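The next block holds one structure in the form of structure tokens; read it before the comments.
Please read these numbers as outputs of a predicted model, since none were measured by experiment. When a residue number appears, it is its place in the shown sequence, counting from 1.
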Amino acid sequence: MAGIYLHIPFCKQACSYCNFYFLTRDQLRQPFVDALIEEIKSYRDKPFSAQKIRTIYFGGGTPSLLTSAQLSDILTVLDDVFDVESDETTIEMNPDDVSKEYLHQLKNLGFTRVSMGVQSFDPDLLSFMNRAHTKDEAVRALELIRETGFSSFTADLIYGNPGQSLQALEKDIDRLLSFDPPHISAYSLTIEPKTRLGKQVELGRIQPPEDDTVEAHFTLVQDKLRMAGLQRYEVSNFSKPGKEAVHNSNYWKHVNYLGLGPSAHSLLWNKNGARRWRNRPDIKPYLEKNWDSLQDEVEDLTLTTLAEERLMLGLRTVSGITTEELSGKYGYKLNDRQRDWLRIQEERNCVFMQKIDNEQSELRLTEKGLKLADYIVLELISRGEN
Ligand code: SF4
């Protein structure tokens with residue numbers, strides 16, 4: 001079983017906080033689609049083409065800048081090259097690209113899930129973020145998504161913005177919840193050095209909020225979403241029961257995934273562990289279709305490295321991890337030092353451990369522990385070293 005991620009690197013304009021790989025030159029869209037189709041074909045009869053593809057995710061950038069005809073061409077070639085039996089086919093969209101007709105076309109193409117980049121409904125914040133959409137477009141897009149009737153949809157929300165009050169955040173959350181979304185991804189604004197926002201902070205023109213303020217924002221988000229029946233199942237993701245994002249959850253479980261398009265990452269298991277690589281974030285070699293020179297950051301991961309990563313990712317999710325998975329999939333066993341340390345964390349109400357039988361235990365972080373996830377996981381891993 002595997003997933004496919006397609007990176008569509010086009011945006012109308014640069015959001016002030018964004019450090020994803022994207023371009024604003026729309027004349028390159030069709031040449032890019034042609035190259036993407038060639039990249040997909042280059043995987044014909046390679047190890048990935050033997051995998052059953054259960055999830056497909058169009059991310060970016062802004063995939064909704066592609067026409068339905070372009071998306072249809074891509075999906076047709078995917079179907080032709082891979083063994084596709086997708087349970088979840090997601091497309092990221094921005095509200096300003098949504099129309100009733102386009103959504104129906106996407107549904108007819110087989111998209112089951114839409115991920116809407118709302119971020120906020122507050123006109124001042126949208127302008128601060130340099131988003132291309134307005135509040136009214138966000139409202140209209142969510143109305144249309146509900147009417148179209150996808151199996152699921154999700155919306156992104158950003159909190160912890162400079163100058164954002166708790167009242168303003170509450171208004172954003174309430175408005176978003178009025179559309180009864182089955183899933184929400186809520187992110188604290190991160191300030192990346194090479195972005196426009198990062199430069200303004202560096203110049204002292206913008207003051208990032210204090211940690212206490214961001215924590216109060218997060219608590220408000222979590223409490224309001226919980227009351228609306230959306231449980232936090234991972235650091236930034238909240239869903240109604242059974243509406244968790246399958247594609248993204250599979251990254252945390254090291255399910256094989258193939259990334260297509262510039263800057264996309266891939267992971268494929270082999271007999272020694274797994275290989276992970278990235279397509280270079282550069283449209284020029286991509287359009288030259290020289291696939292062999294496109295890959296960089298190639299890493300061969302041992303089972304121990306994968307197990308430590310799984311611990312790191314799994315303990316950031318509410319369902320945690322079982323020792324059975326660690327030993328069965330990665331051959332990794334917790335030693336006495338690690339078990340003793342976990343018991344101490346259990347007494348501190350940071351870790352929840354439940355014995356399944358004499359050999360196996362379920363391990364997860366409590367709400368208190370999730371706030372200290374980085375520390376707990378790093379200490380746990382360091383005690384596994386000889
Ligand atoms: S639309 Fe998304 S990918 Fe594009 S600049 Fe904005 S945040 Fe980045």
Side-chain angles (χ1 to χ4, degrees), residues 3-8 11 15 20 54-68 71-72 74-75 86-121 126 131-159 172-187 221-222 224-251:
I4 289 183
Y5 171 82
L6 301 103
H7 190 82
I8 312 297
C11 292
C15 299
F20 292 129
R54 303 309 294 256
T55 59
I56 299 176
Y57 193 103
F58 283 72
T62 314
S64 53
L65 286 176
L66 297 189
T67 64
S68 60
L71 292 167
S72 170
I74 297 165
L75 287 167
S86 179
D87 303 320
E88 184 192 86
T89 305
T90 304
I91 182 164
E92 289 180 356
M93 301 187 79
N94 278 341
D96 40 313
D97 299 325
V98 172
S99 72
K100 195 173 177 176
E101 193 193 2
Y102 189 55
L103 288 177
H104 279 286
Q105 287 166 343
L106 295 185
K107 199 173 170 201
N108 291 337
L109 287 175
F111 284 96
T112 59
R113 188 169 180 272
V114 168
S115 173
M116 185 59 63
V118 173
Q119 321 306 356
S120 173
F121 298 94
L126 289 173
R131 296 289 304 181
H133 69 270
T134 63
K135 170 192 135 200
D136 291 344
E137 283 169 332
V139 169
R140 181 79 185 125
L142 290 166
E143 279 168 2
L144 286 173
I145 284 172
R146 272 217 320 192
E147 278 167 34
T148 313
F150 289 93
S151 311
S152 189
F153 70 95
T154 179
D156 291 347
L157 183 77
I158 297 184
Y159 61 88
D172 264 352
I173 302 169
D174 285 340
R175 196 180 281 267
L176 186 51
L177 288 175
S178 72
F179 298 97
D180 194 22
H183 187 286
I184 290 177
S185 296
Y187 303 101
V221 169
Q222 172 153 281
K224 294 217 64 134
L225 299 196
R226 187 188 290 137
M227 278 191 292
L230 292 139
Q231 291 293 341
R232 183 185 185 206
Y233 67 96
E234 190 266 343
V235 179
S236 313
N237 289 295
F238 300 78
S239 86
K240 292 192 176 170
K243 294 295 183 184
E244 295 84 2
V246 180
H247 182 88
N248 289 339
S249 302
N250 284 346
Y251 290 141

### Message
Pair Leu103, Ile145 - check side chain to side chain contact (heavy atoms under 4.5 Å, CB included), show working.
### Response
CA-CA 7 Å; Leu103 288 177; Ile145 284 172; 4.0 Å; yes

#### Entry: Test side chain to side chain contact (heavy atoms under 4.5 Å, CB included) applied to Phe153 and Met116, step by step
CA-CA 8 Å; Phe153 70 95; Met116 185 59 63; 5.9 Å; no

### Task
Output, in order, the C-alpha distance, side-chain angles, deciding distance and verdict of side chain to side chain contact (heavy atoms under 4.5 Å, CB included) for Ile184 and Val221.
CA-CA 10 Å; Ile184 290 177; Val221 169; over 6 Å; no

### Task
Please test Tyr233 against His183 for ring pair (Phe, Tyr, Trp, His ring centres under 6.0 Å), starting from the C-alpha separation and ending with a verdict.
CA-CA 10 Å; Tyr233 67 96; His183 187 286; 5.6 Å; yes

### Task
List the steps and the verdict of salt bridge (charged side-chain N to carboxylate O under 4.0 Å, His left out) for Arg140 and Glu137.
CA-CA 5 Å; Arg140 181 79 185 125; Glu137 283 169 332; over 6 Å; no

### Residue pair Arg54, His247: steps toward the side chain to side chain contact (heavy atoms under 4.5 Å, CB included) verdict
CA-CA 8 Å; Arg54 303 309 294 256; His247 182 88; over 6 Å; no

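Partners of His133 under the ring-ring contact (aromatic ring centres under 6.0 Å, His included) rule, at least two apart in sequence or in another chain, do not exist in this structure. The ring-ring contact (aromatic ring centres under 6.0 Å, His included) search around Phe111 returns Phe58, not counting sequence neighbours. In this structure, Tyr102 has no ring-ring contact (aromatic ring centres under 6.0 Å, His included) partners at least two apart in sequence or on a different chain.
In terms of modelled atom types and a separation under 3.5 Å, the side chain of Ser72 and the main chain of Ser68 share no donor-acceptor contact.
When every heavy atom of Cys11 is checked against every heavy atom of Thr62, the shortest pair comes out as SG-OG1, 3.3 Å. Summarising the geometry of Asp156 relative to Ser115, their closest heavy-atom pair is OD1-OG, 4.4 Å, with the distance given to 0.1 Å. Closest heavy-atom contact between Leu177 and Lys224: CD1-O, 3.9 Å. Shown here for Leu176 and Pro181, the closest heavy-atom pair between the two residues is O-CD, 3.4 Å. Ile56 and Ser86 get closest at one heavy-atom pair: N-OG, 3.9 Å. Smallest separation of non-hydrogen atoms from Val118 and Ala155: CG2-CB, 4.1 Å.
Remark: the Ser64 side chain and the Asn94 side chain contain no N/O donor-acceptor pair separated by less than 3.5 Å.
Atom OG of Ser236 sits about 11.0 Å away from atom CD1 of Ile158, to the nearest 0.5 Å. Gln119 CD to Cys15 SG: the interatomic distance, rounded to the nearest 0.5 Å, is 7.5 Å.
The only member of Glu88, His7, Arg113, Glu92 that meets side-chain hydrogen bond (donor to acceptor under 3.5 Å, both in side chains) when paired with Tyr57 is Glu92.
The list of salt bridge (Lys or Arg N to Asp or Glu O under 4.0 Å) pairs with a residue in residues 225-241, not counting sequence neighbours, reads Asp180-Lys240, Asp223-Arg226, Arg226-Glu367. The side chain to side chain donor-acceptor pair (under 3.5 Å) contacts involving residues 144-153 comprise nothing, where partners must be two or more places apart or lie in separate chains. For residues 95-105, the set of pairs meeting the salt bridge (Lys or Arg N to Asp or Glu O under 4.0 Å) definition, not counting sequence neighbours, comprises Lys12-Asp96, Lys12-Asp97.
Remark: Phe20 CZ is loosely packed, at most 12 non-hydrogen atoms of other residues, nucleotides or ligands lying under 6.0 Å away.
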